[in-house]
Protein chains: 2
Amino acid sequence: MSQRHTDVTVQAIEEACPLVEVLDHVSGKWSIGIIVAAAHGPIRFTELERAVSGISRRMLTLTLRRLERDGLLHRTVYPTVPPKVEYTLTDMARELHATLSALTDWAERHRSAIAAARKDYDADAAVNTA
Amino acid sequence: MSQRHTDVTVQAIEEACPLVEVLDHVSGKWSIGIIVAAAHGPIRFTELERAVSGISRRMLTLTLRRLERDGLLHRTVYPTVPPKVEYTLTDMARELHATLSALTDWAERHRSAIAAARKDYDADAAVNTA
DNA sequence: CTGGATCCAAAACGATACTG
DNA sequence: CAGTATCGTTTTGGATCCAG
């Protein structure tokens, strides 16, 4: 910790790359919400639409396709009428969900700290503008 | 696991919200890269520009401001000439960085699985289009 | 019910010239 | 060195209508 930089920077970017990949797949406001919503069992399209508050039909579809494509979701179509489709997390995604809980914990531990930091920052900005 | 949905969906969204907040602050192609780059000690603007490969001056500045605003980065200005500015992770951000490593691990464990899933998905798509 | 297709607004991003 | 300002491009997302 707190040692000087030389060419360790190169190591830094290599360390970051896989993570950037993950977040590219998992990012987009909605992926996480969907994973969490699907975490405790098979869930249908309309249920997801209600569970992930604020999502539009379009974004739901797009995100579902991306998650399916990345092997995080499994899609089961029941050829009934009306149609019924269930989405289930893959094992891979279930591991991911467990990992994400660590992030949730972090978020909850520091939620108020972040809010406070913002408030301070904005206050400073107001002073410097006045 | 694999129980039916009733009104547990409500719980799902509440569980997701804080996490969505985090990712809103930490998201954007560059935040993570910057956090990783700053993780092993104070780092200067130009060093960051080189460490986070592909980032533009503009995005670097914008992302730095946001991270600072959210209390993840501390900015130290040395009023010398030429100017010198150092960015340091806050304690909060260091915790976050540790948490992110879990994600990195997950990504590396499943990198090839994701690639394979994609390949299959694209193959299917090709068949269904033909 | 599940979702594809289209159109449009907004946000994120990139390049680059300029400044204290 | 460490940014800011401006412009153009790309990506993202919402609204809506249509279809199996």
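First the proteins, then the strands, lettered A, B, ... as listed; each starts at 1. Note that the structure is a prediction, hence the values are computed from the model and not measured.
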What residues form a side chain to side chain donor-acceptor pair (under 3.5 Å) with E68(B), not counting sequence neighbours? none
Write down the distance between CZ (R50(A)) and C1' (dC1(C)), rounded to a whole number of angstrom. 11 Å
I need the residues from residues 57-76 of chain A with at least one non-hydrogen atom less than 4.0 Å from DNA chain D; give them sorted by number, or say none. R58(A), M59(A)
Residue set satisfying salt bridge (charged side-chain N to carboxylate O under 4.0 Å, His left out) with D91(B), at least two apart, ordered chain then number -> R94(B)
Is there a side-chain contact between L48(A) and L60(A), using heavy atoms and a 4.5 Å cut-off? yes
On DNA chain D, check which nucleotide each of P83(B) and G54(A) is closest to and give me the residue with the more 5' one. P83(B)
Hits for salt bridge (charged side-chain N to carboxylate O under 4.0 Å, His left out) against R75(A), two or more places apart or cross-chain, chain-then-number order -> none
With sugar-phosphate meaning primed atoms plus P, OP1 and OP2, does Y78(A) contact a base, only sugar-phosphate, or nothing at under 4.0 Å between heavy atoms? nothing
R58(A): what forms a salt bridge (charged side-chain N to carboxylate O under 4.0 Å, His left out) with it, not counting sequence neighbours? none
Residues at least two apart in sequence or cross-chain that pass salt bridge (charged side-chain N to carboxylate O under 4.0 Å, His left out) with R69(A), listed by chain then number, are D122(B)
Can you sort out the partners of Y78(B) under side chain to side chain donor-acceptor pair (under 3.5 Å), two or more places apart, ordered by chain and number? E86(B)
For DNA chain D, which nucleotides open and close the run of contacts to chain B, 5' to 3', at under 4.0 angstrom from a non-hydrogen atom? dC1(D) to dT6(D)
In chain order, what residues pass the side chain to side chain contact (heavy atoms under 4.5 Å, CB included) check against T63(B), with sequence neighbours excluded? W30(B), S31(B), I34(B), L67(B)
Whichever of G28(B) and V77(A) has the more 5' nearest nucleotide on DNA chain C, that residue is V77(A)
